[in-house]
Amino acid sequence: MKKILLACAMIMATVVAQAQTVVEDRVIDGESIRYVTERLSCEDLTALLAFVHVDVTLYEGKEGAIEISYPLAERPYINYGVENYEGKKALIIGRNGYVNIPKKTLLSEKVPIYVRVSASQLKRISGHMDTMLRIESDKFADDLVLQNGLVMAVVTESITALNSLTIRNHGTMTCHVKEWNTANVEVYNNGYLYMHGATTAKSIAFVSAKEGINDVCLDVDCDVLNVVSQGKGVLRYRGKANDVNVSARGKHCTIYTSELNW
Amino acid sequence: MKRLIILFMFCVMGMSEGFAQQHIDALLRGDLYNNKKSNTTFRMAVKRDPVTGEVIKKVSELVVRDNKALMKKFIEAFKAEQAGVDVWQEQDNGNVYDVTAIWSKPKRIYKFRISGSVMVISTQVIYKEE
């Protein structure tokens with residue numbers, strides 16, 4: 001009888017464990033790839049750091065719910081979890097042996113790790129490979145930092161961080177964002193940045209480094225607009241600004257402020 | 001038995017071509033570069049449908065300076081690919097060595113140029129024709 005009860009308990013434990021893991025086939029470009037989905041939770045998540053190709057969706061659900069789907073073949077190499085980062089909780093996703101012992105990988109911009117997160121207090125989202133960021137739930141901490149190390153695409157109607165919104169781009173970043181809702185915008189561009197939209201920020205600071213290439217067009221209504229550019233491309237600001245300071249040292253950067261009412 | 005051996009040989013050939021292409025892509029990973037030790041600059045851009053996020057095209061460029069070991073790896077990887085490409089163009093005028101390799105499905109255009117101690121590899125992968 002004891003053995004039967006023990007066997008039943010072990011079977012139940014296996015069933016519960018498997019309930020947290022789902023395996024499914026995804027068809028990508030006609031090829032079927034087996035993905036495994038695992039779930040975890042962290043109620044006070046404040047950061048997301050990705051060191052691999054990811055497709056991230058921020059949605060509104062149970063606070064702290066996290067879902068990660070990755071190719072089953074990558075299972076021996078994938079590392080992810082919630083870690084302490086700068087005194088807060090961060091979801092970190094990486095891959096073993098990436099730097100010192102490169103291994104062949106399925107992961108690419110077409111075969112990413114899919115991440116779904118329901119968290120309303122994110123302060124930092126940082127991608128170091130190819131990051132697709134889909135924002136379905138526009139709820140963040142009062143101060144938000146978006147950081148791109150290689151390739152990042154942001155798709156959403158709006159991003160709201162009441163106090164400040166900082167963008168640090170060191171690669172190729174395309175922001176399909178219609179509204180940037182915040183009191184202060186700070187952008188540092190050392191790569192290629194596409195940023196069109198509108199912001200009600202009262203203070204806007206834009207710095208384009210020598211390697212920066214800009215395709216920026218912002219509708220503004222601000223007190224202070226500071227622009228420093230050593231890079232290339234086009235920076236266009238329209239709307240209203242009480243105080244405008246522009247410093248352009250790059251030969252190939254065009255800065256338009258003529259459509260501003262000062 | 002003969003049919004099994006022939007079938008096995010076809011499978012091995014197919015797998016080896018697939019592995020060779022992955023070998024070039026494995027060398028083109030962004031996390032390996034942009035550091036002083038490797039003397040490289042790597043840039044990549046991914047064009048996506050702004051509504052669905054679907055990947056349309058990927059372009060990348062790797063510039064390598066004064067790194068003979070890495071140049072040799074890429075030369076070997078490209079040579080290994082030669083048999084499997086749809087189009088292969090090679091030019092060597094003594095000062096500049098140029099290779100263009102094109103695959104049809106999905107459409108990949110990989111260009112490789114060595115001029116002195118500088119190697120430039122540029123790639124385009126087109127997933128969806130616009």
Side-chain angles (χ1 to χ4, degrees), chain A residues 28-31 50-57 94-95 97-112 114 127-136 148-157 170-178 190-194 196-197 211 213 215, chain B residues 14-38 40-63 69-70 73-74 77 80 103-108 110 122-129:
Chain A
I28 299 172
D29 280 350
E31 191 183 340
F51 295 90
V52 288
H53 300 83
V54 290
D55 187 319
V56 178
T57 300
R95 187 176 183 273
Y98 234 4
V99 177
N100 295 323
I101 312 171
K103 295 189 191 306
K104 289 174 190 168
T105 176
L106 273 180
L107 296 177
S108 71
E109 64 285 344
K110 291 287 274 185
V111 185
Y114 293 93
H128 297 267
M129 288 292 279
D130 180 63
T131 305
M132 174 72 220
L133 179 60
R134 305 169 199 266
I135 300 172
E136 293 175 0
N148 173 41
L150 189 66
V151 179
M152 182 181 278
V154 184
V155 176
T156 182
E157 285 290 314
H170 299 271
T172 303
M173 188 168 182
T174 50
C175 302
H176 300 282
V177 180
K178 290 184 182 167
N190 193 30
Y192 170 82
L193 175 65
Y194 172 91
H196 287 218
E211 299 293 324
I213 302 172
D215 183 349
Chain B
M15 281 166 63
S16 65
E17 283 184 8
F19 285 150
Q21 184 164 45
Q22 284 191 9
H23 186 58
I24 294 180
D25 290 338
L27 288 175
L28 280 171
R29 281 201 349 249
D31 56 308
L32 297 175
Y33 305 114
N34 289 336
N35 55 71
K36 287 178 186 172
K37 192 178 170 185
S38 64
T40 58
T41 306
F42 181 82
R43 291 179 191 272
M44 186 170 105
V46 176
K47 183 173 183 180
R48 287 186 161 93
D49 181 309
V51 175
T52 64
E54 183 190 2
V55 178
I56 295 171
K57 185 161 87 169
K58 180 180 88 168
V59 295
S60 70
E61 182 186 81
L62 172 67
V63 180
L70 189 55
K73 278 186 188 175
F74 271 103
W103 293 264
S104 298
K105 291 177 184 178
K107 192 167 183 184
R108 295 170 183 260
Y110 286 19
S122 56
T123 72
Q124 268 192 79
V125 182
I126 300 164
Y127 293 106
K128 186 178 174 186
E129 296 286 350

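In what follows, every chain begins at residue 1, and chains take the letters A, B, ... in the order their sequences are listed.
Of the atoms belonging to B:Thr52, it is backbone heavy atoms, and not side-chain ones, that fall under 4.5 Å from chain A. Proximity to chain B (any heavy atom under 4.5 Å) is shown, for A:Asp55, by neither the backbone nor the side chain.
To the nearest 0.5 Å, atom CE of residue B:Met44 and atom OG1 of residue A:Thr172 are 8.0 Å apart.
Note on A:Met173, A:Arg134, A:Met152: by heavy-atom pairs under 4.5 Å with chain B, the leading option is A:Arg134.
You'll find the side chain of A:Glu109 reaches within 4.5 Å of the side chain of B:Arg48, heavy atoms only.
The nearest pair of heavy atoms linking B:Val51 to A:Val155 is O-CG1, 4.3 Å.
Within a 6.0 Å sphere centred on CD of A:Glu136, heavy atoms belonging to other residues, nucleotides or ligands number more than 12.
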